[in-house]
Each structure stands twice: as C-alpha cells, then as structure tokens.
Protein chains: 2
Amino acid sequence: MKDDAIKPTGTQSIARAAAVLRALALRSQSGARMADIARETGLERPTAHRILQGLIAEGMATQNEGTRRYYLGPFIYELGLLAEPRFHLREIAGQAVAFLAEQTGDTVFLAVRGGNDALCIERKAGSFPIKAFTVEVGSRMPLGIGCGGIAMLAALPEEEAASILKFNAPRLAEYGDVTATQLAELVAAARGRGYAINPHRAPGIAAVGMAVRHADGGLAGSISIAAIENRLPSERIEKIAPMLRAEIRKIEKMLRAS
Amino acid sequence: MKDDAIKPTGTQSIARAAAVLRALALRSQSGARMADIARETGLERPTAHRILQGLIAEGMATQNEGTRRYYLGPFIYELGLLAEPRFHLREIAGQAVAFLAEQTGDTVFLAVRGGNDALCIERKAGSFPIKAFTVEVGSRMPLGIGCGGIAMLAALPEEEAASILKFNAPRLAEYGDVTATQLAELVAAARGRGYAINPHRAPGIAAVGMAVRHADGGLAGSISIAAIENRLPSERIEKIAPMLRAEIRKIEKMLRAS
DNA sequence: CTTGACATGTCCATATTATGGACTATTAAT
DNA sequence: ATTAATAGTCCATAATATGGACATGTCAAG
C-alpha cells in the first residue's frame with residue numbers, strides 16, 4: 001500500500017490505526033482478539049487497546065460483547081460504499097466479463113483483493129453447457145486458491161506475495177490438498193508468462209487468469225476464465241490469453257480515464 | 001456515529017483522522033480541497049495537510065495531481081468490501097424487498113446512508129404497469145430527497161438530522177424546488193408517525209418509507225415504496241405501513257442474529 | 001474447588017509525537 | 001502586473017500518546 005515516497009512525519013498514530021484496521025481486515029470473518037492485533041501490529045497491549053477504543057468510538061471498529069472479538073465497523077462499510085465509484089471495477093469490467101464469457105463460451109470471474117483474500121465480485125457463464133461455477137459472487141478465499149488469486153499475487157511485489165502465501169499456508173487445507181510450495185510455483189510461472197494458469201483449481205477444472213492494474217500500476221483486481229480441463233489445452237489457452245489481455249487493456253484504459 | 005459512552009483518551013489523532021475521512025466522504029464524487037477539509041473539521045491547515053499525507057501513505061486517501069483534490073483511497077474500498085458481509089443489508093433485505101414489491105405491486109427501494117447522502121443499493125419493481133423508477137441502483141442523492149432519505153433522517157438524533165439538512169440545503173435545487181424547511185417538516189412528521197410519507201417526490205409520484213436499524217439501534221438503512229400519486233391515498237398508506245414495518249422487523253431480527 | 005495460564009482492561013508519570021504560527025510557493029482571479 | 005486564495009513547509013514547544021506495572025476476569029487442568 002505504501003509507496004516509495006518520503007514518509008510523512010507526525011503521523012505515527014494514523015499509521016498505527018491503519019495497521020490495526022489491516023489486522024481487523026485479515027480476520028474480518030472470524031473476528032480478531034486483542035492479543036492477535038497486538039502481536040500482528042507489534043504494538044504493546046495498552047496501545048492496541050486504546051487504538052481499538054478510538055476506532056470503536058469513530059464507528060470504524062466494533063466489539064462483540066460475548067466473544068470479546070473485534071471487527072471492522074459500520075463506518076468502514078459506509079466509507080467503502082462511497083469509495084466504490086472511484087474504484088468501480090464491477091461496472092467498468094462488467095461488459096468485458098460478459099464479452100469474454102460470450103466469446104469463449106466458458107465461465108468468467110472478476111475478483112479483487114481483500115487483505116490476504118480474493119473476493120469474487122462478478123461472474124458470467126458462457127454458452128458451453130458444462131459450467132465451472134467454482135466460486136460464488138460475494139465469496140472470498142485465500143489469495144492463491146483460484147486462478148484470479150494467483151494472477152493477483154503474481155502482480156504484487158515478490159516479498160508481499162511471499163508474505164501473503166506464508167500467512168495463507170495454514171488455511172489451504174480447507175480448499176483441497178494444494179500446498180504453499182505448489183502455489184509459489186504457480187505464482188512464479190504466472191509472473192514469467194504474464195498470465196496465470198491453474199491446472200488443478202478443482203478436480204477436472206482448469207483456469208487462466210490475468211491481473212487488472214490501476215493507472216498507477218497498483219493492483220485493481222483480476223479476470224479469470226474457468227472450464228473443464230479438456231476444454232483448456234495449451235493451444236486454446238494460447239488463443240484465450242491474448243483475448244483476455246486485450247479486454248484487460250481496455251478496462252485499464254477506462255480506469256485511467258475515470 | 002459516536003455513542004454516549006465514555007470517550008476514550010489518547011485517541012485525538014484517530015478522531016481527527018476519522019473527521020478527515022468524513023470530510024472526504026462528503027465530497028467523494030467531486031473531490032475535496034484541503035481548505036474544505038480544514039474548514040469542515042476545524043483543523044488548522046498544517047494539521048489537515050499532515051493528516052491527509054498520513055492517510056495517503058496508508059492508502060486511505062488519494063490526491064489527484066491535476067486538480068489537487070483529495071479522495072477516499074483504495075484501502076478504504078478494500079476495507080469496505082471486507083466490512084460488507086457484517087452489514088450485508090442487501091442480502092438480508094433482498095427477500096423482503098422482493099416480497100413487498102410483489103405484495104404491493106409497486107416499486108420498492110433499499111437505501112443506506114453515505115455521509116449526507118442516501119445510496120440506493122437495491123430496487124424491485126412490482127407488477128403494476130406504471131413504474132415509479134425514481135432512483136437507479138447505485139445512485140446517490142442528498143438525504144431528504146426521496147422517502148428513504150427522509151425516513152433515515154427521522155431515525156437520526158434531531159441535531160444530526162438538522163445538521164445534515166443544513167449541509168444539503170444548497171444542494172436541493174438540483175432535485176426540484178423542495179426547500180429545506182419543507183424537508184424538515186417531512187422529517188418531523190415522519191418522526192411522529194414512525195414512517196415517512198413523501199407526497200411530492202417527483203410530479204405525480206408519492207412514496208412511503210421506513211428506517212431499518214442495527215441491533216444497537218443505529219441506522220442500518222431504509223426501505224421505501226413509490227407509486228403514482230393516486231395509488232397511494234391515505235387509506236392505502238395505512239395498509240402498507242404495517243406490512244412494511246413487519247418486513248423491517250424481520251430484517252432487524254436477522255441483522256441481530258448475524 | 002483451587003490453581004495457574006492467559007487474556008482483557010486500567011492507570012498515570014513521562015517520553016515522544018503532533019501541533020499550528022509564521023512563513024514560502026503556487027495558482028487563480030482581476 | 002497585482003492581489004487574493006490556496007497549498008504546502010518548518011520547527012520550538014504544547015500536549016498527546018505511550019507502555020510498564022498492576023488489577024480483574026475467564027477458562028482449563030488437576
């Protein structure tokens with residue numbers, strides 16, 4: 001998130017509060033304990049506690065009274081709704097996703113990054129009768145699971161991608177028997193060729209995906225195409241990839257213009 | 001947003017940063033100048049500038065180099081996506097919105113508050129052939145314009161509602177010739193009867209709306225029903241209001257359980 | 001029931017950060 | 001060209017945020 005520009009001074013509290021929000025984001029489903037937050041942010045417990053109380057007072061965090069766990073608060077949701085139009089990837093990319101589904105006949109997914117997860121925000125089915133509905137719109141899974149996630153990891157700085165894979169390693173068991181090492185290889189291969197191939201997203205399913213970037217080069221999201229394995233041999237992937245790249249170029253141009 | 005609980009100490013910087021984010025939220029479409037932010041937050045300009053630089057460093061704000069204006073940043077969007085499931089009003093309320101559209105035959109809207117605006121996040125048309133599509137999904141307008149906005153204002157503390165109406169007063173001209181005084185009267189009337197009636201949302205259109213609350217009593221959003229004027233005489237409004245209230249009670253119960 | 005481990009939460013002397021008046025630079029309006 | 005408005009910087013110091021020490025609460029083990 002931080003660029004290489006000169007860091008501002010007198011903003012330690014803001015940086016610390018943002019770090020706490022990132023810790024909450026990582027556990028936005030399960031909720032975070034204060035001990036988790038203190039450990040992940042490197043803050044002393046009284047400091048973490050005070051920052052949490054400050055965020056709660058502003059509506060940016062909430063605490064479940066029963067479990068004592070902390071969550072992102074309603075003001076974050078509200079701000080997110082207002083921020084959405086400036087990053088309205090769903091609207092801008094929706095046509096491209098529909099076009100790719102029509103042209104390929106397969107299922108096309110649009111995803112964005114959410115912390116260490118990928119969030120599916122759009123899906124279009126193609127005409128081919130066997131649909132690879134591997135992901136529901138609105139769902140989330142660790143970055144690396146799914147071709148879109150691999151493509152997004154490949155678009156991130158290597159250290160950041162490695163850190164995410166390390167964080168996600170214990171979580172992979174919920175999604176099959178793929179290992180972090182295998183995912184690291186898929187990410188490296190994706191970096192090399194410019195697009196991700198996931199040959200074993202699920203048994204019998206294969207996928208190809210590519211990242212979408214903001215004007216400043218930052219990661220905006222990804223588009224991926226999934227089909228039954230025998231519909232995606234190497235030759236067809238090599239035909240689909242340029243089509244995907246062309247649509248993504250158009251999306252990136254519109255993101256630049258907005 | 002702030003409750004009446006004891007305010008935490010040692011969190012002035014967080015409160016100030018949140019105030020800056022609110023100022024950015026108010027102008028999330030047009031962008032905010034630093035002078036705007038300093039004035040609205042009451043901060044001295046060097047302080048406002050430094051806080052903005054801190055938020056930019058964390059990805060919570062961005063600055064357009066050409067216009068110099070500041071906007072909510074990509075990290076806010078990402079956090080908003082992660083916060084959404086805990087406040088997934090669209091999912092929880094979707095069935096109620098569809099049911100009300102089916103039962104009344106008219107158009108039903110679901111909206112949330114976004115700063116001083118109302119954001120339409122869901123719309124269902126009923127079977128009656130004349131549709132009151134006064135608002136597009138995804139659109140926003142000042143709170144007070146539209147029945148859902150009036151209902152949300154009525155659910156807020158009176159001072160907060162007055163402050164929002166004051167802020168929105170100069171903006172009303174874009175939406176017809178209704179005045180802030182008229183809106184204040186509609187809000188007061190809504191507070192009295194427990195639901196909002198907007199007899200002149202647009203020429204020939206009338207609407208009825210009600211707020212949805214979170215478990216803690218805070219405002220979650222609103223549901224409103226719009227139709228051509230002669231389809232909503234007083235007698236019919238008195239039949240629709242209990243139905244609306246019953247559906248909203250169900251939604252609030254599910255919000256509590258989630 | 002008791003004990004120990006772990007976690008949450010509070011206090012306040014003081015270390016350190018954040019502040020904002022004074023100033024410079026840039027842009028827009030006249 | 002001049003003036004007004006706005007953006008942005010600097011740094012002495014005001015005042016905020018810190019975290020070690022401690023209190024309290026919860027839960028699992030014995």
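What you see is a predicted model; the values in this text were computed from it and never measured.
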Whole-Å distance separating the [atom1] atom of [X] from the [atom2] atom of [N]:
X: A:Ile37; N: D:dG19; atom1: CD1; atom2: C1'; result: 17 Å
X: A:Glu65; N: C:dT8; atom1: CD; atom2: C1'; result: 14 Å
X: B:Leu52; N: D:dG8; atom1: CG; atom2: C1'; result: 12 Å
X: B:Leu55; N: C:dA18; atom1: CG; atom2: P; result: 13 Å
X: A:Leu43; N: D:dG20; atom1: CG; atom2: C1'; result: 15 Å
X: B:Glu44; N: D:dT6; atom1: CD; atom2: P; result: 15 Å
X: A:Gln53; N: C:dC11; atom1: CD; atom2: C1'; result: 15 Å
X: A:Ile56; N: C:dT8; atom1: CD1; atom2: C1'; result: 12 Å

Give a yes/no answer on whether the side chain of [X] brings an N or O atom under 4.0 Å of OP1 or OP2 in [N].
X: A:Arg33; N: C:dC6; value: no
X: B:Arg16; N: C:dG20; value: yes
X: B:Tyr70; N: D:dT6; value: no
X: A:Gln63; N: C:dG9; value: yes

If you check every side-chain atom of [X], which of [options] has the closest atom?
X: A:Gln12; options: C:dT8, D:dA7, C:dA18; result: C:dA18
X: A:His49; options: C:dT8, C:dA22, C:dT10; result: C:dT10
X: B:Ser13; options: D:dA7, D:dA17, C:dG21; result: D:dA17
X: B:Pro46; options: C:dT27, C:dT8, D:dT9; result: D:dT9

- Query: For the residue pair A:Ile251 and A:Ala93, what are the closest heavy atoms and their distance?
  - Reply: CD1-CB, 3.8 Å
- Query: Is there a donor on the side chain of B:Arg45 or the base of D:dG8 sitting less than 3.5 Å from an acceptor on the other?
  - Reply: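 Per atom types, the contact qualifies.
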- Item | Reported CD1-to-OG1 distance for the pair A:Ile51 and B:Thr11, which is rounded to 0.5 angstrom | 9.5 Å
- Along DNA chain C (nearest heavy atom to each residue), the more 5'-positioned of B:Thr47 and A:Asp36: A:Asp36
- Task: Using the salt bridge (charged side-chain N to carboxylate O under 4.0 Å, His left out) rule, pick out the option among A:Arg16, A:Arg27, A:Arg33, A:Arg22 that qualifies with A:Glu40.
- Result: A:Arg27
- Query: Sub-3.5 Å donor-acceptor pair from the side chain of A:Glu160 to the main-chain atoms of A:Pro157, do we have one?
  - Reply: no
- Any donor-acceptor N/O pair, B:Glu247 side chain to B:Val97 backbone, under 3.5 Å: no
- Would you kindly compare B:Ala32 and B:Thr11 by the position of their nearest DNA chain D nucleotide and give the one closer to the 5′ end?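 Nearest nucleotide further toward 5': that of B:Ala32.
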